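Report on the structure given below.
None of the values given here were measured: they were computed from a predicted structure. Along the sequence shown, residues are numbered consecutively beginning with 1.
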Amino acid sequence: MTAKVEQRFSGFSPAGLKFLRDLAKNNERIWFVPRKHIYETELLQPLQALVADTADALRRAKVPIGADPMRSTFRIYRDIRFSPDKRPYKTNLGAYLPSTSGDSGQGGLYIHIQPKQSFVAAAFYELDKPVLLRWRTAMAKDPKRFQTMLRALERNGLKLSTEHEALKRMPRGFETNAGSPIERYFRLGSFTVGEQLSDRDVSGKRLVETIVALAKRAKPLLEYGRTLG
């Protein structure tokens, strides 16, 4: 059952964005703890409201992505146990809205809030090996279908990201696909599309509409991936 959030999303306040900017300069517990109430009221509560309102809007739009506003938002505390970077806090907000199927391989939406670096993405991110193998097998078996999906995304103003290529060489078993029009996509470990958000974008309630619009435009990718997950 989805947790109930009473607050409606009206945008992240200037005070909230300022908190994130200041945190980037003062990333230590002695600074954060006395100001934790600012984080909770100006950032965490609006983020939970954003997730709740977006999940409602996606359901009305019949996009099979949903979320629990309490569980879908990421903690601001960094896991520093095995990291050489000992800064205790993230300097952004994050939330992931998964497929309503509950299958992690079925893709979802990621929302990233950070001054001048915010974005929203539809993603099949860091796929497990069995799921990634299904993607690559399907691409090799029917490359035209994959290209049809890419063209549909382009018509919607989106382009599959190749920023995070998992491999420099073709994956084992798919070497014969080297030189094909979709060669570069075989090396990916994630399949994502997205768009940047300005500070003005995240400061108003229309952010919900923007996220839902991205999900609709990403439908070719989401539908393709769900047949494989």
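Pairs engaging residues 47-69 under the ring pair (Phe, Tyr, Trp, His ring centres under 6.0 Å) rule: none recorded [sequence neighbours left out]. Counting only residues at least two apart or on different chains, the ring pair (Phe, Tyr, Trp, His ring centres under 6.0 Å) pairs with a member in residues 189-222 are Trp135-Phe191. Screening residues 12-27 for salt bridge (Lys or Arg N to Asp or Glu O under 4.0 Å), with sequence neighbours left out, gives Lys18-Asp22. Evaluation of the side chain to side chain donor-acceptor pair (under 3.5 Å) test over residues 166-178, restricted to residues two or more places apart or in two chains, returns none.
Shown here are the side-chain hydrogen bond (donor to acceptor under 3.5 Å, both in side chains) partners of Arg81, two or more places apart in sequence or in another chain: Asp79. With sequence neighbours excluded, no residue forms a salt bridge (Lys or Arg N to Asp or Glu O under 4.0 Å) with Arg151. With sequence neighbours excluded, the residues that form a ring-ring contact (aromatic ring centres under 6.0 Å, His included) with Phe146 are Tyr185, Tyr224. Contacts of Arg75 classified as side-chain contact (heavy atoms from CB on, under 4.5 Å), with partners at least two apart in sequence or in another chain: Tyr77. Judged as a side-chain contact (heavy atoms from CB on, under 4.5 Å), and not counting sequence neighbours, the contacts of Asp85 are Arg78, Ser83, Arg87. Lys205 pairs by the salt bridge (Lys or Arg N to Asp or Glu O under 4.0 Å) definition with nothing, not counting sequence neighbours. Judged as a side-chain contact (heavy atoms from CB on, under 4.5 Å), and not counting sequence neighbours, Ser10 has no contacts. Remark: Asn92 pairs with Lys90, Tyr110, His112, Gln114 by the side-chain contact (heavy atoms from CB on, under 4.5 Å) rule, at least two apart or across chains.
With ring centers used as reference points, Phe19 lies under 6.0 Å from Trp31.
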